[in-house]
Amino acid sequence: MKSNVLRMFLSVTATIVFAVSAYAGCGDCGGCASGSGCAAEGSAVAYGSGGGCAPQVSYETQTVMRSQYVTETRMVPTTSYQRQTQTRMKSVTKQVARVETKQQEYTVNVPQTQTRTETYDVQVAVPYTEEETYTVQVPVTTEVEQSYDVSVPYTETKTQSYTVNVPYTEQVEQTYTVQVPVQKTRTESYQVCVPYTEQVEQSYTVQVPVTTTQTQTYEVSVPYTETMTQTYSVQVPYTETQTQTYTVNVPYTEQVEQSYNVTVPYTEQVAQTYTVQVPYTEQVAQSYTVRVPVQETKTAYRTVSKCVPVTTMRTVTKDLGSYQCQAVEAAPVASGCGCETSSCGSPCGGCGGCESSCGCAAPAPACAPAVTYRKVYVPNVVTEQVPTTSYQRTTEQVPYSYTVTSYTCQTQTRMVPVTKMRAETRQRMVNVTKYRTETRSRMVAVQKCRQETRTRDYTVTKYRTEERTREVPVTKTRMETRTREVPVTTMTTETKTRMVPVNKTRMETRTREVPYCEMVTEQRSRTISVQKCRQETRERSYEVTNYRTETRTRMVPQTTMTTEERTRTVNKTRMETQQRSREVSYTVCVPETRTRTYNVTVYDTVTEEVPEEYSVCVPVTTMKEVQVQVCKQVPTTVQVPVYSAPAAVSYESAPVMESAPMVIPATGSGCTTCGN
């Protein structure tokens, strides 16, 4: 595009320069006289039509090839896929069951009862008598003189004065106000907004669209890129060391005198009355029971288990089936159908006989269904009664004798010393610890702080701004003016009328009776009881019991224990081991080998060929028409000027002009000969 515009501009410039030079070649003739060979004033003359100073121009017709987009229709091969159904044979594996009879040897433990003599030990209790020495604590009581303190109580009478609040009631008259409601009625006027509808003629405006086409001149911003030098700022970090002053709390210790309270214990003697349990001994007759061993022989029964064989009949079901060949009817095949050749599409037609053109061997009977044979398992279930031996456990009661040692209880009497206690009241002085509070002082270390000012260095990162430059591609735009046809829709206003229902309201005044309540104030009086108190001083007498301590003497029995050794006869029993024998029955399991028959189901693997249909996508190539834009060279006929001049000036490089002959100005510049 740019090269075409530049070529056009250079052609126009060369034409103008050439015309100016031709006009200057006429000298200063100022126009030709009559008969000087000049053209008429204002006429259009082609160069080269006369001699003289003007160049000679002649036009030739030439054919120029120009590029032009042409829409052509081409046939393009297109591949599409069609789905077809085909048949293939597939191998199918099946598991066919059959029953086999096998024999198995197994071992059975048959129980047998046997008897053996068994020796066992029995623990027999044998009683015997033994002399035993034992120690007894015998109490001895003596009279001892004892001094003790007694707190003797005495009573004093004292008088006390006290104040009593005596309540009494007074009747007081009270005046109070009561709001009494009174029901009244008043007539009230109110307004009601009653709606009604009116039909009103309404004018409305309709905007009717009208579309026209206008030529619009618009400017397009065409982008282009330039490289510019840009100055930008950069923050460059650098480090500085600064000194900072800060305050520190430095702890130190001071000794401060502190007062504190201490509870100091001290001891006082206080008389205390207590009760003492004094022991004394009495001889008491005691009955006790002695167990005397007695041996007895008893007979008992024990349960013995045995296994007894029992034969029963049970029902067993067996499958004695076998494999047999059976005929199976198969569907007729379209390609065969009893014809000589299978190349026909449908040789049998409607199965009423083969077509004569297919070369069929037989008529309609050839389309009979085909028969195939296959191996089929035919079951044969047989029920039989089979004897079965099982063992049942039975029990028996077998008598046996055993010795039992039992004990007989006998009651005997003996004298036993029994220690008893009697309570005595005594008095003793007890140390009682009491406490009194004392104020003391001590030196206490107190932590305090004083502020000190210190300095430290720390590093601060700062930034300084530096100016730098860089080459930046900048996208700029220039405005180009273009034209386009734009559809413009304008709205034309039309006025129409219509009847519109309008809802309006009118005000109506109505009256109604409204009940209301008014409160009337009334003064009333009542008598109320008021509780009051008056203070009275009274006296009362009370008795106070005090104690005084007296020392007394008494004889106290004192019991001491004396150790004595005594002898007694003790009945004891020792256990002796005795050997005895008995007959014991026991069961022994004897292994026995037996044979049994059992059925086993065995599965055979059978492979069959089965037809299977599957889909295949077959590619089909077709030709499709496609509209294609092709850039072709189109021949164009143009007028080309050819210049010739008498001087040495060469006009071979004159531009090619496609326009009409140039019009020469009217001021005598179109001379053919100027004489110089």
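For the numbers below, each heavy atom of this structure counts, side chains included, while hydrogens, waters and symmetry mates do not.
Side-chain atoms of Asp457 and Thr241 include no donor-acceptor pair closer than 3.5 Å. A donor-acceptor pair shorter than 3.5 Å cannot be found between the side chains of Glu612 and Thr87. Looking at Gln174 and Ser525, their side chains never bring a donor and an acceptor atom within 3.5 Å of each other. Using modelled atom types and a 3.5 Å distance limit, the side chains of Gln230 and Thr469 yield no donor-acceptor pair.
With values rounded to the nearest 0.5 angstrom, Thr231 atom OG1 is found 6.5 Å from Glu467 atom CD. Rounded to the nearest 0.5 angstrom, Tyr69 OH and Lys632 NZ are separated by 14.0 Å. A distance of 4.0 Å separates OG1 of Thr605 from CD of Gln95, quoted to the nearest 0.5 Å. With rounding to the nearest 0.5 Å, the separation of CD in Glu513 from OG1 in Thr185 is 6.5 Å. Note that CD of Glu480 and OG1 of Thr477 are 10.5 Å apart. Values are rounded to the nearest 0.5 Å. How far CZ of Arg83 is from OG of Ser615: 5.0 Å, rounded to the nearest 0.5 Å.
Environment of CE in Met228: sparse, with no more than 12 heavy atoms of neighbouring residues, nucleotides or ligands closer than 6.0 Å. The environment of Tyr224 atom OH is dense: over 12 non-hydrogen atoms of other residues, nucleotides or ligands sit within 6.0 angstrom. No more than 12 heavy atoms of other residues, nucleotides or ligands sit less than 6.0 Å from atom CD of Glu625. More than 12 heavy atoms of other residues, nucleotides or ligands lie within 6.0 Å of OH in Tyr246, so this atom counts as buried by the packing criterion. A 6.0 Å sphere centred on OH of Tyr614 holds more than 12 heavy atoms belonging to other residues, nucleotides or ligands.
The side-chain heavy atoms of Pro473 and Glu226, taken from C-beta on, include no pair separated by under 4.5 Å. At least one side-chain heavy atom of Tyr603 sits under 4.5 Å from a side-chain heavy atom of Thr601. Counting heavy atoms from C-beta outward, Gln627 and Thr73 have side chains that approach closer than 4.5 Å. Using a 4.5 Å cut-off on side-chain heavy atoms (C-beta onward), Arg478 and Lys476 make no contact. At least one side-chain heavy atom of Thr453 sits under 4.5 Å from a side-chain heavy atom of Thr245. With a 4.5 Å cut-off on side-chain heavy atoms, Thr521 and Gln179 count as touching.
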For this session: Could you check Thr163 against Glu536 for side-chain hydrogen bond (donor to acceptor under 3.5 Å, both in side chains), going step by step and ending with a plain yes or no?
Result: CA-CA 6 Å; Thr163 303; Glu536 294 182 0; over 6 Å; no
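Annotation: cation-pi pair Arg186/Tyr516 present, NZ/CZ under 6.0 Å from the ring centroid and within 45° of its normal.
Ion pairing between Lys532 and Glu170 holds under the 4.0 Å rule for side-chain N and carboxylate O.
At least one donor-acceptor pair under 3.5 Å links the side chain of Thr490 to the backbone N or O of Val210.
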